[in-house]
J.: 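My structure is below; once you've seen it, I'll send some questions.
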Amino acid sequence: MSKNKKLLLIDGNSVSFRAFFAMHNVLEKFVNGEGIHTNALYAFNNMLELILKDEKPTHALVAFDAGKTTFRTKMFDEYKGTRAKTPQELMEQLPLIQEMLNYRGIKTYELPDYEADDIIGTMSHKAELDGMDVTIITGDRDLTQLATDKVTVKVNVKGVTETESYTPEHVQEKLGITPKQIIDMKGLMGDNSDHYPGVEKVGEKTAIKLLNQYGSVEGIYEHVDEMKKSKLKEHLINDKDKAFLSKKLATIDLDAPVELRLADLEYRGDNQEQLMQFYQKMNFKTFLSRMDIPQEDTAEKLADIKVLELNDAAVEKIANSDKIHTLIVEGFGENYHTSPIIGLLISDDKNYYGTTDFSILENPLLKDWLADGSKEKYLFDNKATIAQLTRYGCKLSGVTFDMLLVAYLLDTNDNKQDIGLVAKNYDINLPTEEEFYGKGVKKAVPEDDKVLLNFLAQKAQVINSLKDKMMSELKENDQDSLYDEIELPLSIVLAEMEIKGITVEVSKLKEMENTFATRLAKIEQEIYQEAGKKFNINSPKQLGVVLFEDLKLPVIKKTKTGYSTSVDVLEKLKDKSPVVQKVLDYRQISKIQSTYVVGLQKFVQPDNKIHTIYLQTLTQTGRLSSIEPNLQNIPIRIDEGKQIRKAFVPQHEDWEIFSADYSQVELRVLAHISGDEHMQEAFNEDYDIHAHTAMRIFGLDSTDEVTPNMRRQAKATNFGIVYGISDYGLSQNIGISRKKAAEFIASYFEQYPGVKKYMDDIVRYARENGYVETIMHRRRYLPDIHSRNFNIRNFAQRTAMNTPIQGSAADIIKVAMINMQKMLEKEKLQANLLLQVHDEMIFEAPKAEIETLEKLVPSVMDSAVKLDVPLKVETAHGKTWYEAK
DNA sequence: CAAAATTGT
DNA sequence: AGACAACAATTTTGT
């Protein structure tokens with residue numbers, strides 16, 4: 001049997017409207033070359049692709065409203081009377097949407113005097129009689145009256161990519177009436193947005209109740225006399241005419257004079273050629289890349305670049321040239337500290353020399369050229385390139401353009417870590433790593449070296465062609481010194497730290513593994529005892545059943561999928577059952593065991609060291625992050641976890657671990673950029689900042705009156721301020737009422753008016769400029785600051801407050817790291833900078849150097865930048881990381 | 001592959 | 001009305 005035919009009907013106007021507002025916050029980002037907005041077009045097409053994929057229709061139609069006047073306005077001239085005018089920015093897109101649908105092989109239609117609804121109703125009715133399945137897409141709930149066994153109405157919810165499906169069953173479930181009765185319901189309650197009246201004081205609930213009793217508007221009025229005396233009865237009688245009129249207005253015409261046959265709606269698929277041209281005109285890169293463009297194009301381009309052999313002769317030419325060269329050292333695999341190089345390419349923008357034979361790296365001329373700082377080089381990802389080359393015995397110097405770093409500084413939001421993605425942002429078509437190598441099981445290096453080297457040549461070409469443009473953008477943003485003096489030098493420092501690595505005593509971890517295993521087994525048994533059964537404690541789902549169903553503990557919080565079993569919930573249940581504390585203990589230890597004790601061992605290399613990778617271009621604030629493994633979240637708060645730090649040791653006997661951290665950098669940064677006098681005074685006088693805050697917000701005369709609890713609350717408030725305060729968040733954090741938290745904040749702002757002013761100013765700045773900046777001009781764009789969605793907008797506002805603080809602190813420590821590395825070299829110290837943990841630097845050093853470091857490191861760190869308040873540095877040292885704190 | 005949980009600053 | 005503290009990485013479940 002052939003598959004059933006399926007008709008897709010789209011309410012063009014209402015979906016366009018939804019699409020427009022779904023992407024309203026990026027309105028000004030979606031403008032094509034001719035200055036026409038394209039956001040609704042984009043969102044519409046996005047939705048369309050999803051729907052086509054899901055529904056696989058054989059027939060399709062998009063219906064539009066023909067004009068302002070319809071048979072309904074003739075019946076009731078205020079129909080849709082108060083509806084706001086369609087925004088100009090959307091109006092200009094409607095013809096484009098129709099044009100695009102045409103290229104996508106989908107019929108569009110409008111009919112004078114009728115609304116899109118009526119066209120859809122009529123065609124859906126026809127199709128159903130013909131035995132077809134029908135799916136209707138709309139942003140308007142009114143159309144749910146059309147749902148039948150054969151017709152599903154999908155209504156867009158939040159944006160356009162998600163829909164809610166209305167079948168007769170779903171309508172029944174949701175409203176308790178049939179789809180047909182929706183018309184009666186609308187008749188009774190009227191419609192605000194279409195601006196027609198119903199019966200006074202009758203809303204959805206009353207309407208449904210009446211319909212359940214009497215079936216329809218007609219039914220109600222047949223029996224209205226029998227109803228007992230009530231206000232409702234009076235209203236019904238008074239507004240009888242309105243009810244019948246509104247019912248008529250609400251009724252979608254199933255027999256409009258639509259001159260279309262079902263055969264006319266056959267869906268034929270895209271007209272590739274025209275659609276491609278259209279996408280190009282609209283600047284739709286993502287859609288273009290999604291098209292199955294015949295492969296010849298790219299293949300031809302690949303062949304365009306002639307790659308010469310990178311041999312001794314080529315090296316000689318390169319080494320003797322004064323030209324700038326682009327360098328591609330291609331690694332393959334996850335981790336560049338361990339995975340091999342698979343290709344090497346050097347280009348002067350005219351000639352491309354490439355090879356897969358790495359014996360060339362033994363060529364002394366090439367070695368010298370790579371290490372020669374006066375030979376200028378461009379590349380993508382300096383840090384990774386240095387790390388790779390180091391393993392092949394080469395030094396690298398003279399890099400002036402790192403496309404990865406520049407792309408990150410220009411916009412932290414999009415497309416880092418992959419040169420293909422950066423290129424696409426600039427309208428250049430270069431395969432991403434995934435597109436070139438494939439993904440999952442298919443990921444592989446091409447058999448043919450030529451193919452690989454051509455890819456590398458393309459990369460080199462892209463780097464070269466974008467260098468000027470990107471560097472001038474950097475200058476326009478006033479970010480050139482952030483790049484020249486911070487990020488680029490830092491990439492070298494980080495490379496050195498990663499390569500050096502930190503020594504780990506595996507035997508220590510092994511020892512801990514055993515003790516924790518026994519402890520875990522014991523707690524596990526105890527929990528089973530209490531619970532009366534065996535289950536997986538690691539599964540929040542199973543644990544939820546045990547706690548809240550078997551043991552009947554009160555449910556404090558729920559997640560999307562079930563009961564929440566997070567710490568804050570468990571903390572509240574601690575005294576209700578002894579099992580809760582045991583679960584908390586189990587969780588803690590099991591985390592330590594799996595992530596750290598066992599997890600870390602996997603990363604220890606044959607040199608007994610762990611070489612993490614710092615991601616320099618990931619975070620939105622400018623902080624670093626650390627992966628494989630993350631060495632920025634090694635436990636410290638609870639002692640069991642802190643033990644892990646005993647396994648981190650210096651690489652030599654008679655050396656120590658030395659750590660130095662900034663004390664309250666973020667608050668100091670806030671004191672600086674807000675210019676708040678009271679906060680600055682507190683730091684200038686070196687008061688205990690949290691006690692000082694407590695004194696001020698609790699209205700005390702001296703810090704002597706501050707109780708530990710007051711200090712704790714003040715500390716939390718300080719944190720809250722840094723994070724972009726909200727009363728709810730603060731109340732959750734210190735367990736006070738929301739009202740009390742709001743009072744704290746009000747009092748805080750009263751005491752620190754400069755801080756209040758900063759918060760207001762920075763949010764306004766973000767609204768006006770679309771971004772915020774750190775002290776070193778690191779930028780973060782905040783398109784959501786204009787969002788209509790309360791939560792999204794609030795989040796953007798908090799981000800606006802937090803990013804300059806967190807980001808400036810990140811700037812400061814980055815400068816300190818660079819200066820520190822220079823200083824160690826200058827002073828000819830053996831000490832090595834090994835780790836950075838946001839406000840802390842960790843070194844290993846001979847015992848003999850510790851005394852020097854105790855003076856030197858703080859002096860370098862607190863002079864990294866000049867603020868209006870002093871920076872404070874604290875140091876510690878010991879035989880292991882555990883002792884150095 | 002997403003969600004929940006836990007770790008850090 | 002909304003239901004929210006900032007920035008990260010990793011492990012484990014369960015679909």
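If you're wondering where the values come from, they're calculated on a predicted model, not measured in any experiment. Just so it is clear: chains get the letters A, B, ... in the order the sequence lines come, proteins before strands, and each one is counted from 1.
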J.: Distance check, C1' atoms only: C:dG2 and B:dT7, in whole angstrom units.
T.: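 These two C1' atoms come out 31 Å apart once rounded.
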
J.: For B:dG8 versus C:dA3, give the span between their C1' atoms, rounded off to a whole number of Å.
T.: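 To the nearest whole Å, 26 Å.
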
J.: Please give, in whole Å, the distance from B:dG8 P to A:Asp661 CG?
T.: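 One finds 15 Å between P of B:dG8 and CG of A:Asp661, rounded.
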
J.: Could you pull out the protein-nucleic contacts involving nucleotides 1-4 of chain C (nitrogen or oxygen on both sides, under 3.5 Å)?
T.:
residue: C:dC4; atom: N4; partner: A:Arg738; partner atom: NH1; Å: 3.4

J.: Kindly state whether the ring of A:Phe744 and the ring of A:Tyr748 have centres lying under 6.0 angstrom apart.
T.: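 No: the rings miss the under 6.0 Å criterion.
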
J.: If you define the side chain from C-beta out and look only at heavy atoms, does anything of A:Phe535 sit under 4.5 Å from A:Asp550?
T.: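 Heavy-atom side-chain distance check fails, nothing below 4.5 Å.
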
J.: Go through B:dG8, B:dA5, C:dA6 for me and flag the one nearest to the A:Phe795 side chain.
T.: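 Of B:dG8, B:dA5, C:dA6, C:dA6 is nearest to the side chain of A:Phe795.
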
J.: A:His337 and side chain to side chain donor-acceptor pair (under 3.5 Å): which single residue from A:Glu498, A:Glu628, A:His611 fits?
T.: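 Answer after filtering A:Glu498, A:Glu628, A:His611: A:Glu498.
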
J.: Does A:Arg645 reach the main-chain N or O of A:Pro635 with its side chain, forming a donor-acceptor pair under 3.5 Å?
T.: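 Judged by distance alone, yes, a pair lies under 3.5 Å.
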
J.: Whether A:Glu511 and A:Lys646 form a salt bridge (side-chain N of Lys/Arg under 4.0 Å from carboxylate O of Asp/Glu) is what I want to check.
T.: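 The answer is no: the pair does not qualify as a salt bridge.
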
J.: Give the residues of residues 800-816 of chain A touching DNA chain C, defined as any heavy atom closer than 4.0 Å, sorted by residue number.
T.: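 The answer is A:Asn802, A:Gln806.
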
J.: With a non-hydrogen cut-off below 4.0 angstrom, is A:Gly724 in contact with a base, only sugar-phosphate, or nothing?
T.: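 Touches nothing.
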
J.: Hey, which of A:Gln664, A:His690, A:Glu666 is the one that makes side chain to side chain donor-acceptor pair (under 3.5 Å) with A:Asn718?
T.: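 The single option meeting the side chain to side chain donor-acceptor pair (under 3.5 Å) with A:Asn718 is A:His690.
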
J.: Taking C-beta and beyond as the side chain, do A:Gln620 and A:Thr799 meet within less than 4.5 Å on heavy atoms?
T.: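 Not touching, per the 4.5 Å side-chain cut-off.
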
J.: Touch check for A:Ser590, heavy atoms < 4.0 angstrom, all strands: base, sugar-phosphate only, or nothing?
T.: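 It contacts nothing in the nucleic acid.
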
J.: Check whether the side chain of A:Lys591 and the base of C:dT10 form a donor-acceptor pair under 3.5 Å.
T.: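 Such a pair is found, so the answer is yes.
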
J.: In this structure, how many angstroms lie between the P atom of B:dG8 and the OH atom of A:Tyr662, rounded?
T.: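 Rounded to the whole Å, the gap is 23 Å.
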
J.: Scan A:Val837 against the nucleic acid and name what it touches under 4.0 Å (heavy atoms): base, sugar-phosphate only, or nothing.
T.: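 Sugar-phosphate contact only - A:Val837 comes under 4.0 Å of backbone atoms but never of a base.
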
J.: Searching all strands shown, indicate the nucleotide that pairs with C:dA3 (Watson-Crick or G-U wobble; both distances under 3.5 Å).
T.: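 Base partner found: none.
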
J.: Quick one about A:Asn789 and A:Ser787 (side-chain donor to acceptor, distance below 3.5 Å, no hydrogens or angles considered), yes or no?
T.: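 Not at all, the side chains of A:Ser787 and A:Asn789 share no donor-acceptor pair under 3.5 Å.
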
J.: So if I take every side-chain heavy atom of A:Leu730 and compare against B:dG8, C:dA9, C:dA5, which nucleotide ends up nearest?
T.: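 The listed nucleotide nearest to A:Leu730's side chain is C:dA5.
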
J.: Is A:Glu666 touching bases, backbone alone, or none of the nucleic acid, heavy atoms closer than 4.0 Å?
T.: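 The residue A:Glu666 makes no contact with any strand.
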
J.: Whether A:Asn633 contacts B:dT9 is assessed here as follows: a side-chain N or O lying under 4.0 Å from the phosphate OP1 or OP2. Is that the case?
T.: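 For B:dT9, neither OP1 nor OP2 has a side-chain N or O of A:Asn633 closer than 4.0 Å.
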
J.: Please determine if a side-chain N or O atom of A:Lys560 lies less than 4.0 Å away from the OP1 or OP2 oxygen of B:dA2.
T.: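 For B:dA2, OP1/OP2 do not have a side-chain N/O of A:Lys560 under 4.0 Å.
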
J.: Atom CE of A:Met759 to atom P of C:dA5: distance rounded to whole Å?
T.: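 Taking atom P of C:dA5 as the reference, CE of A:Met759 is at 17 Å.
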
J.: Does B:dT6 have its OP1 or OP2 closer than 4.0 Å to a side-chain nitrogen or oxygen of A:Thr595?
T.: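 The answer is no; no side-chain N or O of A:Thr595 sits under 4.0 Å from OP1 or OP2.
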
J.: Any side-chain heavy-atom pair from A:Val649 and A:Lys508 closer than 4.5 angstrom?
T.: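 Counting from C-beta outward, A:Val649 and A:Lys508 never come under 4.5 Å.
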
J.: Quick one: label A:Gln588 by what it contacts on the DNA or RNA (base, sugar-phosphate, nothing), any heavy atom closer than 4.0 Å.
T.: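 Touches sugar-phosphate only.
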
J.: Within the 4.0 Å heavy-atom criterion, would you say A:Arg637 contacts the bases, only the backbone, or no part of the nucleic acid?
T.: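 Base contact - A:Arg637 has a heavy atom under 4.0 Å of at least one base atom.
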
J.: Whole angstroms only, please: what is the CD-P distance between A:Gln836 and C:dA9?
T.: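 From A:Gln836 CD to C:dA9 P: 13 Å.
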
J.: Without decimals, in angstroms, what is the distance between A:Gln632 CD and B:dT7 P?
T.: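 Computing the A:Gln632:CD to B:dT7:P distance gives 17 Å.
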
J.: Go through B:dA5, C:dA5, C:dG14 for me and flag the one nearest to the A:Arg587 side chain.
T.: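 That would be B:dA5.
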
J.: Distance check, C1' atoms only: C:dA1 and B:dT6, in whole angstrom units.
T.: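 C:dA1 and B:dT6 have their C1' atoms separated by 33 Å.
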
J.: Would you mind reporting whether A:Leu410 and A:Gln479 have side-chain heavy atoms less than 4.5 Å apart?
T.: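 Yes, at least one pair of side-chain atoms sits under 4.5 Å.
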
J.: Have A:Tyr586 and A:Glu526 got a donor and an acceptor in their side chains that come within less than 3.5 Å?
T.: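 Note: A:Tyr586 and A:Glu526 side chains miss the donor-acceptor criterion.
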
J.: Which part of the nucleic acid does A:Ala796 contact within heavy-atom distance under 4.0 Å: base, sugar-phosphate only, or nothing?
T.: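 The answer is nothing, as A:Ala796 stays clear of every strand by at least 4.0 Å.
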
J.: Taking any strand in view, what nucleotide pairs with C:dT10 in a Watson-Crick or G-U wobble way, both distances under 3.5 Å?
T.: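 Paired with C:dT10, as far as the under-3.5 Å criterion goes, is B:dA5.
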
J.: What I want to check is whether an N or O donor and acceptor connect the side chain of A:Asn733 with the base of C:dA5 at under 3.5 Å.
T.: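 Indeed, a donor on one side and an acceptor on the other fall under 3.5 Å apart.
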
J.: Roughly, in whole Å, what's the span from NZ in A:Lys558 to P in B:dA3?
T.: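 The distance from NZ of A:Lys558 to P of B:dA3 comes to 18 Å, rounded to the nearest Å.
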
J.: To the side chain of A:Thr561, which of B:dT9, B:dG8, B:dA4 is closest?
T.: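 Per side-chain heavy atoms of A:Thr561, the pick is B:dA4.
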
J.: Please confirm whether the shortest side-chain N or O distance from A:Gln664 to OP1 or OP2 of B:dT9 is below 4.0 Å.
T.: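 Checking A:Gln664 against B:dT9: no side-chain N or O falls below 4.0 Å of OP1 or OP2.
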
J.: Atom CG of A:Leu615 and atom P of B:dG8: how far apart are they, to the nearest Å?
T.: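 Nearest whole value for this atom pair: 20 Å.
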
J.: Examine the base of B:dT9 for any acceptor or donor lying under 3.5 Å from a partner atom in the side chain of A:Arg623, and report the outcome as yes or no.
T.: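 Donor-acceptor pair under 3.5 Å: yes.
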
J.: On a plain distance test, is the side chain of A:Asn538 in donor-acceptor contact with the base of C:dT12 below 3.5 Å?
T.: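 No, no donor-acceptor pair under 3.5 Å.
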
J.: Heavy atoms under 4.0 Å, any strand shown: does A:Glu628 hit a base, just sugar-phosphate, or nothing?
T.: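 Since only primed, P, OP1 and OP2 atoms lie under 4.0 Å of A:Glu628, the category is sugar-phosphate.
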
J.: Between A:Lys510 and A:Glu513 (salt bridge meaning N to carboxylate O under 4.0 Å), is one present in this structure?
T.: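 A:Glu513 and A:Lys510: not salt-bridged.
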
J.: Would A:Lys756 and A:Asp760 satisfy salt bridge (Lys or Arg N to Asp or Glu O under 4.0 Å), going step by step from the backbone distance to the final call?
T.: CA-CA 6 Å; A:Lys756 168 77 175 136; A:Asp760 294 342; 3.3 Å; yes

J.: Would you indicate what A:Leu624 reaches in the nucleic acid, counting non-hydrogen atoms under 4.0 angstrom: base, sugar-phosphate, or nothing?
T.: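 Answer is nothing: A:Leu624 stays at 4.0 Å or more from every strand.
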
J.: Once you round it to whole Å, what is the distance between C1' of C:dT11 and CD of A:Gln601?
T.: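 Whole-Å distance recorded here is 16 Å.
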
J.: Counting only Watson-Crick or G-U wobble pairs whose two distances fall under 3.5 Å, which nucleotide matches C:dT15?
T.: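 Paired with C:dT15, as far as the under-3.5 Å criterion goes, is no nucleotide at all.
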
